[in-house]
A.B. asks: 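One structure follows; several queries about it will come next.
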Amino acid sequence: MTFDPLQYKATTREQWQVAAEAWHRWGPALEDWLGAATEQMLDIAGVGPGSHVLDVAAGAGGQSIAAARRTGPGGRVVATDISPAILDYATRAAAQAGVKVDTQELDGEALGDLPPASFDAVISRLGLIYFPDQRRALAGARNALRPGGRFSAIVYSTADRNQFFSVPVGIIRKRALLPAPEPGQPGPFSLGDAGVLQGALEQAGFRNVSVQAVTAPLHLPSAADCVRFEKESFGALHQMLSSVPVDEHASVWDEIATALRRFETPQGFVGPCELLVAGGTK
């Protein structure tokens with residue numbers, strides 16, 4: 001099966017349109033899980049009072065809000081995403097948090113359409129991994145930065161260190177008879193192997209590139225809650241599941257639930273997760 005980036009992006013946009021409400025609803029769990037790594041990303045990007053920040057593939061805007069709290073009224077945060085529905089939730093969440101976040105529907109590979117050298121920082125939390133043309137996205141991010149501006153992103157490391165996600169991916173891939181992704185294709189672990197993320201930033205022209213591994217286990221009451229979280233809001237899983245007959249979907253989720261129970265502890269579900277937080281200077 002030949003990978004079609006245009007069809008992939010169209011499907012991705014539609015699935016995030018559908019999942020927007022759930023991703024927003026799971027916001028508190030997302031921030032509990034990703035909050036520490038997000039603060040590290042913002043530190044690396046140099047986000048502070050007065051900063052102008054571009055958030056790429058912002059989703060429901062948790063990290064946009066965290067950035068806006070740092071920039072204060074003298075700064076600006078622009079949250080971009082391919083899904084207008086999810087940006088609507090980002091706007092609502094920012095208002096509820098008492099901060100200002102501007103939103104713009106924009107493909108993360110089309111950052112070259114933005115005025116050049118107009119941001120102090122560009123950030124992306126779990127977005128870059130899903131771009132078919134990551135090189136173009138990084139080039140656009142660099143173009144949007146002022147000289148000396150900083151880029152920082154969070155991605156998953158390797159599949160074996162992210163079993164809360166890779167176990168469901170493996171089960172669905174097997175049931176859908178999908179081949180392993182080719183090198184360079186988008187996916188949750190596309191930038192996780194040693195040196196790949198650093199090389200991508202350096203090839204895009206960033207200087208002083210750093211990559212740090214961060215342990216970020218996903219804590220939920222039970223494996224069933226993890227399945228519900230992923231079933232409701234993980235577009236990548238639904239994109240793969242579309243290749244499985246609809247009447248088999250329930251049994252696939254049952255198989256995933258059984259497999260994830262291995263991560264239940266007396267304190268609840270603890271899903272193995274390791275993130276990479278990268279940064280570079282224009």
Side-chain angles (χ1 to χ4, degrees), residues 9 34 37-59 61-83 86-87 90 94 99-156 186 190-191 195-212 214 275-282:
K9 285 204 284 189
L34 299 172
T38 297
E39 293 300 325
Q40 188 168 341
M41 174 181 69
L42 297 177
D43 287 343
I44 292 171
V47 176
S51 294
H52 285 216
V53 182
L54 174 66
D55 187 0
V56 182
Q63 68 286 341
S64 307
I65 292 168
R69 289 191 176 113
R70 290 187 177 212
T71 65
R76 185 187 184 206
V77 177
V78 179
T80 65
D81 201 277
I82 200 172
S83 164
I86 209 164
L87 289 176
V99 298
K100 179 71 163 62
V101 172
D102 296 326
T103 61
Q104 180 176 346
E105 182 184 346
L106 184 66
D107 186 333
E109 294 177 6
L111 302 180
D113 295 344
L114 296 170
S118 52
F119 292 93
D120 303 300
V122 178
I123 60 173
S124 185
R125 185 172 82 175
L126 300 180
L128 183 62
I129 47 180
Y130 294 116
F131 297 160
D133 194 340
Q134 294 166 353
R135 180 176 296 184
R136 183 182 175 200
L138 288 169
R142 186 177 183 277
N143 184 65
L145 283 169
R146 297 186 177 114
R150 298 279 297 171
F151 171 81
S152 186
I154 299 173
V155 307
Y156 297 109
S190 58
L191 292 170
V196 174
L197 182 55
Q198 179 162 342
L201 266 64
E202 289 174 346
Q203 288 173 16
F206 288 103
R207 301 177 291 108
N208 305 319
V209 174
S210 65
V211 179
Q212 303 173 29
V214 177
L275 304 171
L276 302 179
V277 185
T281 305
K282 178 174 180 178

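Every value quoted in this text rests on a predicted model; they were computed, and no experiment measured them. In this chain, numbering begins with 1 at the start of the sequence shown. What you see below is based on every heavy atom in this structure, not just the backbone, and it leaves out hydrogens, waters and symmetry mates.
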A.B. asks: For the pair Arg146 and Asp120, evaluate side-chain contact (heavy atoms from CB on, under 4.5 Å) and give the outcome as yes or no after the intermediate values.
C.D. replies: CA-CA 6 Å; Arg146 297 186 177 114; Asp120 303 300; 2.8 Å; yes
A.B. asks: In Å and rounded to the nearest 0.5 Å, what is the CZ to CD distance from Arg69 to Glu39?
C.D. replies: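 Separation between the atoms: 9.0 Å.
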A.B. asks: When rounded to the nearest 0.5 angstrom, what distance separates CD in Glu105 from OG in Ser83?
C.D. replies: 7.5 Å
A.B. asks: Between Leu201 and Val211, is there a side-chain heavy-atom distance shorter than 4.5 Å?
C.D. replies: no
A.B. asks: For Ala144 and Leu54, which heavy atoms make the closest approach, and how far apart are they?
C.D. replies: CB-CD2, 4.2 Å
A.B. asks: Looking at residues at least two apart in the chain, or sitting in another chain, which of them share a ring pair (Phe, Tyr, Trp, His ring centres under 6.0 Å) with Phe119?
C.D. replies: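 Checked Phe119 against ring pair (Phe, Tyr, Trp, His ring centres under 6.0 Å); zero matches.
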A.B. asks: If you round to the nearest 0.5 Å, how far is CZ of Arg207 from CD of Glu202?
C.D. replies: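 That separation rounds to 12.0 Å.
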A.B. asks: Using the test side-chain hydrogen bond (donor to acceptor under 3.5 Å, both in side chains), find all partners of Arg125 that sit at least two apart in sequence or belong to another chain.
C.D. replies: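 Scan of Arg125 (side-chain hydrogen bond (donor to acceptor under 3.5 Å, both in side chains), adjacent residues dropped) gives Glu31, Thr38, Gln63.
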A.B. asks: Could you tell me the separation between the OH atom of Tyr156 and the OG atom of Ser190, rounded to the nearest 0.5 Å?
C.D. replies: 11.5 Å
A.B. asks: What distance separates Asn143 CG from Ser118 OG, expressed to the nearest 0.5 Å?
C.D. replies: 8.5 Å
A.B. asks: If you round to the nearest 0.5 Å, how far is CG of Asp55 from CG of Asp102?
C.D. replies: 12.0 Å
A.B. asks: In the structure I gave you, are the side-chain heavy atoms of Arg70 and Ser51 within less than 4.5 Å of one another anywhere?
C.D. replies: no
A.B. asks: Closest approach of Ser152 and Val277, non-hydrogen atoms and distance?
C.D. replies: OG-CG1, 4.0 Å
A.B. asks: Could you pull out the closest heavy-atom pair between Ala57 and Ser124, with the gap in Å?
C.D. replies: CB-OG, 4.4 Å
A.B. asks: Could you work out, with side-chain hydrogen bond (donor to acceptor under 3.5 Å, both in side chains) as the rule, every residue matching Arg142, not counting sequence neighbours?
C.D. replies: none
A.B. asks: Where is the tightest heavy-atom contact between Arg150 and Leu145, given as atom of each residue plus distance?
C.D. replies: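 Closest approach of Arg150 to Leu145: O-CD2, 3.6 Å.
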A.B. asks: Apply the test side-chain contact (heavy atoms from CB on, under 4.5 Å) to residues Val53 and Ile123: give CA-CA distance (whole Å), side-chain angles for both, the deciding distance (0.1 Å), then the verdict.
C.D. replies: CA-CA 7 Å; Val53 182; Ile123 60 173; 4.1 Å; yes
A.B. asks: Closest heavy-atom contact between Ala37 and Val214?
C.D. replies: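 Answer, listing the atom of Ala37 first, then Val214: CB-CG1, 4.5 Å.
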A.B. asks: Are the side chain of Thr281 and the backbone N or O of Gly149 linked by a donor-acceptor pair below 3.5 Å?
C.D. replies: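 A pair under 3.5 Å: no.
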A.B. asks: Hey, mind stepping through Leu138 and Phe151 against side-chain contact (heavy atoms from CB on, under 4.5 Å) and telling me if it holds?
C.D. replies: CA-CA 9 Å; Leu138 288 169; Phe151 171 81; 3.7 Å; yes
A.B. asks: Which residue, Val209, Leu191, Ile129, forms the side chain to side chain contact (heavy atoms under 4.5 Å, CB included) with Leu197?
C.D. replies: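 Of all the options given, the one that passes is Leu191.
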A.B. asks: What are the two closest non-hydrogen atoms of Val47 and Ala121, and how far apart are they?
C.D. replies: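 Between these two residues, the closest heavy atoms are CG2-CB, 3.9 Å.
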A.B. asks: Just do the side-chain contact (heavy atoms from CB on, under 4.5 Å) check on Leu126 and Leu275 with the steps written out, would you?
C.D. replies: CA-CA 9 Å; Leu126 300 180; Leu275 304 171; 4.3 Å; yes
